[in-house]
A.B. asks: 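The structure's right below; bear with me while I get my questions together.
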Amino acid sequence: MNPIIEKSVTELAAAIADGQISAVEATQAYLDAIEAREPEIAAYNETCGDLAMQQAQAVDAKRQAGQTLGPLAGVPVAVKDNLCTEFGHTTCSSAYLKNFKAPYTATVVAKLQQAGAVILGKTNLDEFAMGSSTENSGFAPTKNPWDTSRVPGGSSGGSAAAVAGRLCAGSLGSDTGGSIRQPAGLCGVVGVKPTYGRVSRYGLVAFGSSLDQIGPLATNVTDAALLTSVIAGHDERDSTSLPNPVGDYLADIDTPIDGLRIGLPREFYTEALGGETREAIAAAIETYKATGAEIVDVSLPHSRIDIDAAGNISSFAVACYYIVCTAECSSNLARFDGVHYGHRTAEKVDDIIELFSRSRDESLGDEVKRRIMLGTYTLSSGYYDAYYNKALKVRRLIADDFTAAFEKCDVLLCPTTPTTAFKFGEKTDNPLEMYLSDIYTISLNLAGLPGISIPAGLSKDNLPIGMQLIGPVLSEKTLFRAGRMFELASGISRLAPPMLKA
Amino acid sequence: MSNKIDANLVRHIGKLSRIELTDAEVDALGCQMADILEYFDKLQELDTQNVEPMAHAVELSNVLADDVQRDSLTAEQALANAPAREGDFFKVPKVLGEGA
């Protein structure tokens, strides 16, 4: 493997700033990696090599002219294809937007560019970010670099697989119910879902507006902290973005937190948590104990996971989340009407309603239609109180549980996912079973809290196991430091899938 | 599970959703939606009588922008992706019925 690819974002940025490596060399190394491994992984919907090279040349010219470089100058990154970019296409992996070219650029992408990052392309996702495996992509699924017969998770599966397969140094994804953390967990990389409102969503194609948040994926915690610090901050173009100043996430990142109190939500450590994931999390808890962290028992009663006699798993949080997100989805996706942009039916239609209805039926995928239909149903008169309003009340109960838990601890620790990466097709026939892959991640989005998924180790089959740290609103700095503590104590960092050694 | 939503109701929701479903889709959605709605019913186990609904996680209110003119997309940019246009307009089939 090219030694450039072996560098983290932080190391590569430093090497480029020092002039040891040029931005053009770094970009070429990643374009070569894409040429070699992208056919196997299929992480990208579109790569833009020429544009990336131009960006790299501009960074090198700036350096030669002695100008100040941004914190990501020359670092090749990728962005999820539901972020609008004036370059290339913005498809959301939907046939509806197959040829769509956004007339403006998302704030986060502009911030990456201002920081000097080189953008390699747009990564695959479950259509409109609805799914947990990329199998709902309207184009083709992305493969997990650890085992290409398995899913990378989703919906930011392309962004996670691109980082794991070293097809970019870091990437951006979006997380509505776990869509950054779950694929990060399954691909053995770090994924961050910041506090709701911490990162501007201007230019993110909306799915569940009270839940969506953009965040980074990277091979280690420090890189994730650096990327978060670049994209975070207030944006007047997103009225939900928080005005609070962004702290310096990198300043004390290597300094362990003295007296860190880690809460274990007892509802997450039931029989629903199986075998090797349970063992890996138990080992992580021991690692933290060895650093002097205090382990505290806490309770999140409304995030409880129930199993009935037949083995069926259920959860208030999953039910609450799918009512809220499908309601918001049905409203947000009403804009895809075949009039202003996107797919329009070629059939002869008599009126505009038929134009809307046919264009949507022809170009939206099954899961997207299912969610629009569910949301329309639960918001319709007669059902609104029983479903939507009920879910908003349960959402309050779920959020209040977290507030109570954080009176006893600084962060919560739990698995990211119940199992390691599953095989293609394993859950596609049963939407409910697919929804359960988010069982540990969705409560955070309902409560607006930040979370980070960090590799905790590998299973016997050599598949990554992710652990999740959860903090109170705007506790990103604590999460990064706590995550870095684990990396330093365990030595688990920058996991590399076997295909990289071949 | 054996529950199924009546095909007419599925078609009606499809109509409200502006999705013209095929017969096969109506059939599949009838079963899947029934399963998922049954799952949603789990929330009825919880007493929420005195709980305030929570629509947003982080509550910001009265976020106002200065009332000043700013750059926005040109008509050409806004129309660039239009499936059909006429001059500076998006072109659609007749909206109002006969005799309107």
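In the text below, chain A, chain B and the rest are named by the order of the sequence lines, each starting its count at 1.
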A.B. asks: Excluding sequence neighbours, so at least two apart, what forms ring-ring contact (aromatic ring centres under 6.0 Å, His included) with A/Tyr322?
C.D. replies: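 Scan of A/Tyr322 (ring-ring contact (aromatic ring centres under 6.0 Å, His included), adjacent residues dropped) gives A/Tyr435.
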A.B. asks: Checking heavy atoms, do the side chain of B/Leu60, its backbone, both or neither come under 4.5 Å from chain A?
C.D. replies: side chain
A.B. asks: Is A/Ala399 close to chain B through its backbone or its side chain, or both, or neither, when contacts mean heavy atoms under 4.5 Å?
C.D. replies: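 Interface part for A/Ala399: side chain.
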A.B. asks: Quick one: pull up CG in A/Asn312 and OH in B/Tyr39 and give me the separation to the nearest 0.5 Å.
C.D. replies: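 Those atoms lie 9.0 Å apart.
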A.B. asks: Do you know the tightest heavy-atom contact between B/Ala55 and A/Ser210?
C.D. replies: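 It is O-CB, 3.4 Å.
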A.B. asks: Quick one: what part of B/Leu73 sits under 4.5 Å from any heavy atom of chain A, side chain, backbone, both or neither?
C.D. replies: side chain
A.B. asks: Below 4.5 Å from any heavy atom of chain B, which atoms of A/Thr345 appear? Answer side chain, backbone, both or neither.
C.D. replies: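 Neither; nothing under 4.5 Å.
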A.B. asks: Please rank A/Ser359, A/Cys320, A/Gly448 by heavy-atom pairs under 4.5 Å with chain B and give me the top one.
C.D. replies: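 Maximum pair count with chain B is reached by A/Cys320.
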A.B. asks: Decide yes or no on side-chain contact (heavy atoms from CB on, under 4.5 Å) for B/Leu43 and A/Tyr387, but give the supporting numbers first.
C.D. replies: CA-CA 8 Å; B/Leu43 298 189; A/Tyr387 292 107; over 6 Å; no
A.B. asks: Would you say B/Met54 and A/Val394 make side-chain contact, with heavy atoms under 4.5 Å?
C.D. replies: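 Side-chain contact under 4.5 Å: no.
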A.B. asks: For atom CG of A/Asp366, is the number of surrounding heavy atoms from other residues, nucleotides or ligands below 6.0 Å larger than 12?
C.D. replies: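 For A/Asp366, atom CG is not crowded (no more than 12 foreign heavy atoms under 6.0 Å).
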A.B. asks: Count the heavy atoms of every other residue, nucleotide or ligand shown that sit under 6.0 Å from NZ of B/Lys42, and state whether that count exceeds 12.
C.D. replies: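 Correct, the count exceeds 12.
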A.B. asks: Contact part of A/Ile323 toward chain B, heavy-atom cut-off under 4.5 Å: side chain, backbone, both or neither?
C.D. replies: both
A.B. asks: Closer than 4.0 angstrom, basic N to acidic O: yes or no for B/Lys94 and A/Asp350?
C.D. replies: no
A.B. asks: Considering only heavy atoms and a distance below 4.5 Å, find which of A/Gly197, A/Ser315, A/Ser209 pairs most often with chain B.
C.D. replies: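 Of A/Gly197, A/Ser315, A/Ser209, A/Ser315 has the most heavy-atom pairs under 4.5 Å with chain B.
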A.B. asks: With chain A as the partner chain, list the residues of residues 79-91 of chain B whose heavy atoms fall under 4.5 Å from it, by residue number, and write 'none' if nothing qualifies.
C.D. replies: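 Expected list: B/Asn81, B/Ala82, B/Pro83, B/Ala84, B/Phe90, B/Lys91.
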A.B. asks: Quick one: closest heavy-atom pair of B/Ile36 and A/Pro431, and the distance?
C.D. replies: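 Heavy-atom minimum between the residues: CD1-CB, 4.4 Å.
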A.B. asks: Can you find a pair of side-chain heavy atoms, one from B/Pro53 and one from A/Asn389, that are under 4.5 Å apart?
C.D. replies: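 B/Pro53 reaches A/Asn389 side chain to side chain.
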A.B. asks: For A/His343, which atoms come within 4.5 Å of any heavy atom of chain B: side chain, backbone, both, or neither?
C.D. replies: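 Contact with chain B: none, neither part.
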A.B. asks: How far does OH of A/Tyr388 sit from CZ of B/Phe40, to the nearest 0.5 angstrom?
C.D. replies: 13.0 Å
A.B. asks: Rounded at 0.5 Å granularity, tell me how far OG in B/Ser17 sits from NZ in A/Lys369.
C.D. replies: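 Those atoms lie 11.5 Å apart.
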A.B. asks: Does any heavy atom of chain B fall under 4.5 Å from the side chain of A/Leu446, the backbone, both, or neither of them?
C.D. replies: backbone
A.B. asks: So how far is it from B/Glu20 CD to A/Arg360 CZ, rounded to the nearest 0.5 Å?
C.D. replies: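 Rounded to the nearest 0.5 Å, the CD-CZ separation comes out at 12.5 Å.
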A.B. asks: Identify the heavy atoms of B/Gln44 and A/Ala386 that sit nearest to each other, and give their distance.
C.D. replies: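 Taking B/Gln44 first and A/Ala386 second, the nearest heavy atoms are NE2-O, 3.0 Å.
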A.B. asks: About how many Å separate CZ of B/Arg18 and CD1 of A/Ile352, when rounded to the nearest 0.5 Å?
C.D. replies: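 Reported to 0.5 Å precision, the distance equals 10.0 Å.
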A.B. asks: Go through the structure and list residues passing ring-ring contact (aromatic ring centres under 6.0 Å, His included) with A/Tyr196, not counting sequence neighbours.
C.D. replies: B/His56
A.B. asks: So for B/Leu9, is it side chain, backbone, both, or neither that comes closer than 4.5 Å to the heavy atoms of chain A?
C.D. replies: side chain
A.B. asks: Counting heavy-atom pairs under 4.5 Å to chain B, which of A/Val339, A/Asp351, A/Thr240 comes out on top?
C.D. replies: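 With the most close heavy-atom pairs to chain B, the winner is A/Val339.
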A.B. asks: So do the side chains of B/Glu45 and A/Phe316 get within less than 4.5 Å of each other, counting heavy atoms only?
C.D. replies: yes
A.B. asks: With a 4.5 angstrom heavy-atom cut-off, could you sort out which part of A/Ala334 is near chain B: side chain, backbone, both or neither?
C.D. replies: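 When you check distances to chain B, no heavy atom of A/Ala334 falls under 4.5 Å.
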A.B. asks: Hey, which of A/Val473, A/Ile372, A/Leu374 has the most heavy atom pairs under 4.5 Å with chain B?
C.D. replies: A/Leu374
A.B. asks: Pick one of side chain, backbone, both or neither for A/Asp306, based on which atoms fall under 4.5 Å of a heavy atom in chain B.
C.D. replies: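 Side chain only.
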A.B. asks: For the side chain of B/Lys15 and the backbone of A/Ser357, is there at least one donor-acceptor N/O pair under 3.5 Å apart?
C.D. replies: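 A pair under 3.5 Å: no.
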A.B. asks: Which bit of B/Ile19 is near chain A, if near means a heavy-atom gap under 4.5 Å: side chain, backbone, both or neither?
C.D. replies: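 Both parts, heavy atoms under 4.5 Å.
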A.B. asks: CG of A/Leu379 to CD1 of B/Ile13: how many Å apart, nearest 0.5 Å?
C.D. replies: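 Result: 11.5 Å between the selected atoms.
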A.B. asks: What are the two closest non-hydrogen atoms of A/Leu432 and B/Asp35, and how far apart are they?
C.D. replies: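 Result for this residue pair: CD1-O, 3.9 Å.
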A.B. asks: Quick one: closest heavy-atom pair of A/Ser239 and B/Val63, and the distance?
C.D. replies: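 Here A/Ser239 and B/Val63 meet closest at O-CG2, 3.6 Å.
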A.B. asks: What do you reckon, is CZ of A/Arg335 surrounded by more than 12 foreign heavy atoms closer than 6.0 Å?
C.D. replies: yes
A.B. asks: Can you list the steps and then say if B/Val92 with A/Arg344 is a side-chain contact (heavy atoms from CB on, under 4.5 Å)?
C.D. replies: CA-CA 10 Å; B/Val92 294; A/Arg344 175 179 287 199; 3.9 Å; yes
A.B. asks: Looking at every heavy atom in both A/Asp361 and B/Glu25, which two are closest together, and how far apart are they?
C.D. replies: OD1-OE1, 2.8 Å
A.B. asks: Give a yes or no on whether a salt bridge exists between B/Arg70 and A/Glu236, defined as a side-chain N under 4.0 angstrom from a carboxylate O.
C.D. replies: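 Salt bridge between B/Arg70 and A/Glu236, a charged N being under 4.0 Å from a carboxylate O: yes.
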A.B. asks: Below 4.5 Å, heavy-atom pairs only: which of A/Ala447, A/Ala319, A/Ser330 has the largest tally toward chain B?
C.D. replies: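 Highest number of pairs under 4.5 Å: A/Ala319.
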A.B. asks: Under a 4.0 Å threshold between the charged nitrogen and the carboxylate oxygen, would B/Glu52 count as salt-bridged to A/Arg396?
C.D. replies: no
A.B. asks: I'd like to check the ring-ring contact (aromatic ring centres under 6.0 Å, His included) partners of B/His12; sequence neighbours left out, ordered by chain and number.
C.D. replies: none
